[in-house]
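Beneath this line is the structure, given in structure tokens, with notes to follow.
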Number of protein chains: 2
Amino acid sequence: MTADHVFTALASPARRELLRLLLDEGAQPAGRLAERFDMSRPSVSEHLKVLKDAGLVAETRRGRERHYRLEAAPLMEIRDWLTPYERFWRERLAALSALLDDLDDLHDLNDVNDVNERGEDDG
Amino acid sequence: MTADHVFTALASPARRELLRLLLDEGAQPAGRLAERFDMSRPSVSEHLKVLKDAGLVAETRRGRERHYRLEAAPLMEIRDWLTPYERFWRERLAALSALLDDLDDLHDLNDVNDVNERGEDDG
DNA sequence: TTGTTATGTAGGAAATTTCCTACATATAGT
DNA sequence: ACTATATGTAGGAAATTTCCTACATAACAA
């Protein structure tokens with residue numbers, strides 16, 4: 001439910017793989033998801049529970065199967081959390097870019113001096 | 001270093017708080033960061049180590065202090081990981097929006113029928 | 001040199017996570 | 001009713017994480 005639950009859920013590679021499968025292949029029954037893992041079916045079931053508690057998947061009972069589907073909404077909280085860092089990141093890049101431009105200017109200046117040293121006229 | 005390290009590092013509230021402090025207040029020595037936590041200084045030091053291994057902070061030694069600064073670049077991996085889910089999320093919203101539009105159309109149609117029932121002409 | 005400050009590391013206790021093998025539950029088919 | 005299928009839950013072992021209190025290291029200050 002909370003952002004903390006979402007961060008925690010994403011910390012496990014197995015759970016991220018579950019989300020990826022649901023994204024790429026759509027909703028599936030628990031058993032079919034479990035087949036893809038090098039892990040017992042009950043363990044996959046527990047991972048699904050963690051994802052469900054984080055609101056990242058939802059289940060629909062169809063007969064004796066339970067179809068799990070992706071619920072991407074909570075991931076938008078992560079994106080929002082990321083936003084201020086992205087701004088920081090961009091400022092860093094801009095500063096670097098400015099630095100490189102300055103270096104370029106300096107380089108051009110040296111070129112001019114080189115030309116002058118070789119003669120060409122003036123003094 | 002890897003995306004896995006980054007996800008793991010972000011799973012802890014204490015570590016996310018460290019990143020927030022470095023973002024909001026800039027680079028700081030380890031001790032000053034530790035003061036803000038309801039936790040022993042060595043524990044904060046270990047959290048900083050996890051962040052450093054994930055490439056999320058870097059340290060600069062200044063005298064006997066070590067200044068930690070935010071390194072936001074690895075967070076961009078998280079953003080990239082998020083992207084396909086964001087697309088999914090938008091499609092979901094678009095579908096919902098279309099559904100609501102359809103409901104609206106149906107509603108308008110009923111209004112027209114209401115008007116006709118009250119008379120107005122035709123039949 | 002001697003003492004103080006800033007910080008990391010060692011070692012271990014407690015809590016949590018991960019994963020397993022039974023087992024329970026519920027639905028479908030015969 | 002009986003059997004097979006799909007799945008969750010219980011209980012526990014092993015691994016990992018978190019946090020602590022010493023202790024080690026290195027730089028500064030007298």
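Letters go in sequence order (proteins before strands), and every chain restarts at 1. Just so it is clear, the values below take in all heavy atoms, side chains as well, and ignore hydrogens, waters and symmetry mates.
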Charged N-O contact under 4.0 Å between Arg32(B) and Glu25(B) |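 Result for this pair is no, no salt bridge flagged.
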Charged N to carboxylate O under 4.0 angstrom, Arg90(B) versus Glu86(B)?
->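 Yes, Arg90(B) and Glu86(B) are salt-bridged.
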Measure the distance from [atom1] on [X] to [atom2] on [N] and round it to the nearest whole Å.
{"X": "Asp4(B)", "N": "dT17(C)", "atom1": "CG", "atom2": "C1'", "value": "15 Å"}
{"X": "Met39(B)", "N": "dT21(D)", "atom1": "CE", "atom2": "P", "value": "13 Å"}
{"X": "Phe7(B)", "N": "dT17(C)", "atom1": "CZ", "atom2": "P", "value": "18 Å"}
{"X": "Leu48(A)", "N": "dA6(D)", "atom1": "CG", "atom2": "C1'", "value": "13 Å"}
{"X": "Lys52(A)", "N": "dT9(D)", "atom1": "NZ", "atom2": "P", "value": "7 Å"}
{"X": "Arg41(A)", "N": "dC23(C)", "atom1": "CZ", "atom2": "P", "value": "15 Å"}
{"X": "Leu51(A)", "N": "dT17(C)", "atom1": "CG", "atom2": "P", "value": "14 Å"}
{"X": "Asp53(A)", "N": "dG8(D)", "atom1": "CG", "atom2": "P", "value": "12 Å"}

Of the candidate nucleotides dT9(D), dT18(C), dG8(C), which contains the atom at the shortest distance from the side chain of Lys49(A)?
->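 The listed nucleotide nearest to Lys49(A)'s side chain is dT9(D).
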Just compare dG8(C), dC20(D), dG8(D) and give me whichever is closest to any side-chain atom of Ser43(B).
->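 From the listed options, dC20(D) comes nearest.
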Provide the closest heavy-atom pair for Arg69(A) versus Thr60(A) in the form atom of the first, atom of the second, distance.
->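 Closest heavy-atom pair between Arg69(A) and Thr60(A): NH1-OG1, 2.7 Å.
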Determine yes or no for a side-chain-to-main-chain donor-acceptor pair under 3.5 angstrom, with [X] supplying the side chain and [Y] the backbone.
{"X": "Arg16(B)", "Y": "Leu10(B)", "value": "yes"}
{"X": "Tyr85(A)", "Y": "Arg20(B)", "value": "yes"}
{"X": "Arg66(A)", "Y": "Glu59(A)", "value": "no"}

Quick one: is [N] close enough that its OP1 or OP2 comes under 4.0 Å of any side-chain N or O from [X]?
{"X": "Tyr68(A)", "N": "dG8(D)", "answer": "yes"}
{"X": "His47(A)", "N": "dT17(C)", "answer": "no"}
{"X": "Ser45(B)", "N": "dG8(C)", "answer": "yes"}
{"X": "Ser40(A)", "N": "dC20(C)", "answer": "yes"}

Is Pro42(B) touching bases, backbone alone, or none of the nucleic acid, heavy atoms closer than 4.0 Å?
->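 It contacts base atoms.
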Map Glu46(B) and Gly31(B) onto DNA chain C by nearest heavy atom, then report which one ends up closer to the 5' terminus.
->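 By nearest-heavy-atom nucleotide position, the 5'-most residue is Gly31(B).
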Does some side-chain heavy atom of Ile78(A) sit less than 4.5 Å from a side-chain heavy atom of Trp81(B)?
->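 No, every pair of side-chain atoms sits at 4.5 Å or beyond.
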Please list, by residue number, the residues of residues 58-67 of chain A whose heavy atoms come closer than 4.0 Å to an atom of DNA chain D; answer none if no residue qualifies.
->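 Only Arg64(A), Glu65(A), Arg66(A) qualify.
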